[in-house]
Participant: 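This structure is in structure tokens; I'll ask about it shortly.
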Amino acid sequence: MTPSGQENPVHLDHIAAPDGVAPGRGYTQVVTGRGRLVAVSGQIAQDADGALVGEGDVAAQARQVFANLGSCLRAAGATFADVVKLTVFVLDAASLPAVRAARDEVVDTARPPASSAVVVAGLFAPSYLLEIEALAVVAD
């Protein structure tokens, strides 16, 4: 079961450490699956009205970003259990522990998605501290 109470989908296979590759620290190196691809655009810390949530607070922004990702996934008939890849864009690498904590509230930490983190010079507006996009695979 995931933290949200969802069953792990049987259509995904997590390979934590392929031969010759060290295991990821809190992420899976390879996730494969069969089904329908769901691509979720990068989400920022905006509420449903487009207002910034958590100005200057990376933890609050991360929680809002994951809430937005969850809403987008549900709109496509998916859950965080279906996510195979997350790409995190942050202004400061020091933000990553707060992002990880928010992520761990919604993903199965025993079978985390493949992930990348990228430090960027800026996002579309100066008050936003991170953006996250997701790829999911849902059963046909």
Side-chain angles (χ1 to χ4, degrees):
M1 290 284 216
T2 65
S4 63
Q6 298 289 323
E7 297 261 344
N8 284 332
V10 296
H11 63 282
L12 297 181
D13 184 27
H14 289 69
I15 305 167
D19 289 341
V21 178
R25 295 181 185 142
Y27 61 92
T28 299
Q29 293 288 7
V30 180
V31 182
T32 64
R34 279 188 236 175
R36 181 172 48 87
L37 179 66
V38 175
V40 179
S41 292
Q43 296 297 302
I44 55 175
Q46 286 184 341
D47 64 17
D49 295 323
L52 170 66
V53 172
E55 184 163 3
D57 183 346
V58 72
Q61 287 196 21
R63 287 189 302 273
Q64 182 64 44
V65 167
F66 280 102
N68 292 349
L69 286 167
S71 294
C72 292
L73 290 165
R74 280 189 300 281
T79 70
F80 280 102
D82 301 307
V83 172
V84 296
K85 176 76 163 69
L86 292 171
T87 305
V88 177
F89 303 94
V90 293
L91 297 182
D92 184 350
S95 300
L96 292 173
V99 174
R100 171 74 59 87
R103 184 209 68 170
D104 288 354
E105 292 176 10
V106 297
V107 303
D108 179 354
T109 59
R111 294 171 48 88
S115 298
S116 298
V118 182
V119 177
V120 297
L123 297 169
F124 89 98
S127 296
Y128 294 92
L129 304 175
L130 70 145
E131 181 172 333
I132 302 175
E133 60 187 27
L135 292 174
V137 176
V138 295
D140 288 329

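Not measured: the values here are computed from a predicted model. Because only heavy atoms are used, hydrogens play no part in the values below, and waters and symmetry mates are left out as well, while side chains stay in.
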Participant: Are any side-chain N or O atoms of D82 and backbone N or O atoms of T79, one a donor and one an acceptor, separated by less than 3.5 Å?
Facilitator: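 Side chain of D82 to backbone of T79, a donor-acceptor pair under 3.5 Å: yes, one is there.
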
Participant: Quick one, Y27 with V107, criterion side chain to side chain contact (heavy atoms under 4.5 Å, CB included). Give me CA distance, side-chain angles, the key distance, then yes/no.
Facilitator: CA-CA 10 Å; Y27 61 92; V107 303; over 6 Å; no

Participant: Atom CD1 in I132, atom CD1 in I44: separation rounded to 0.5 Å?
Facilitator: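 Going from the CD1 atom of I132 to the CD1 atom of I44 covers 12.0 Å.
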
Participant: May I ask you to decide if I15's main-chain N or O and Q29's side chain share a donor-acceptor pair within less than 3.5 Å?
Facilitator: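 Checking the backbone N and O of I15 against the side chain of Q29, no donor-acceptor pair under 3.5 Å is found.
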
Participant: Apart from V53 itself, which Ile, Leu, Val, Met, Phe, Trp or Tyr residues share its cluster (side-chain heavy atoms under 4.5 Å, direct or through members)?
Facilitator: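 ILVMFWY cluster around V53 holds nothing else.
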
Participant: Kindly compute the distance separating CZ (R74) from CG (L69), expressed to the nearest 0.5 Å.
Facilitator: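 Answer rounded to 0.5 Å: 10.5 Å.
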
Participant: Do any N or O atoms from the side chain of H14 and from the backbone of T28 form a donor-acceptor pair under 3.5 angstrom?
Facilitator: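 Between the backbone of T28 and the side chain of H14 there is no qualifying donor-acceptor contact (under 3.5 Å).
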
Participant: Of all the heavy-atom pairs spanning A134 and V83, show the shortest one and how long it is.
Facilitator: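 The answer is CB-CG1, 4.4 Å.
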
Participant: Return the CD to CD distance between Q61 and Q46, rounded to the nearest 0.5 Å.
Facilitator: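 The distance works out to 10.0 Å.
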
Participant: With a 3.5 Å distance limit and no angle check, can you tell me whether D49 reaches the backbone of A51 through a side-chain donor-acceptor pair?
Facilitator: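 No; zero donor-acceptor contacts below 3.5 Å.
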
Participant: Go through the side-chain N and O atoms of Q64 and N68 and say whether any donor and acceptor fall under 3.5 Å apart.
Facilitator: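 A pair is found: one side chain offers a donor N or O, the other an acceptor, under 3.5 Å apart.
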
Participant: Look at the side chain of E131 and the backbone N and O of F89, then say whether any donor-acceptor pair between them is shorter than 3.5 Å.
Facilitator: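 Between the backbone of F89 and the side chain of E131 there is no qualifying donor-acceptor contact (under 3.5 Å).
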
Participant: Just by modelled atom types, is the A67 backbone N or O under 3.5 Å from a matching donor or acceptor in the S71 side chain?
Facilitator: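 Yes, the answer is positive, given that a donor and an acceptor are paired below the 3.5 Å cut-off.
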
Participant: Test side chain to side chain contact (heavy atoms under 4.5 Å, CB included) on L91 and L123 and set out the steps.
Facilitator: CA-CA 8 Å; L91 297 182; L123 297 169; 4.3 Å; yes

Participant: Find out if a path of hydrophobic residues (ILVMFWY) with successive side-chain heavy-atom gaps under 4.5 Å connects V137 to V30.
Facilitator: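 No; tracing contacts between hydrophobic side chains, which count when under 4.5 Å, never links both residues.
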
Participant: Using modelled atom types only, decide if a donor and an acceptor are shared between the side chain of R36 and the backbone of A76 within a distance under 3.5 Å.
Facilitator: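 Yes, the answer is positive, given that a donor and an acceptor are paired below the 3.5 Å cut-off.
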
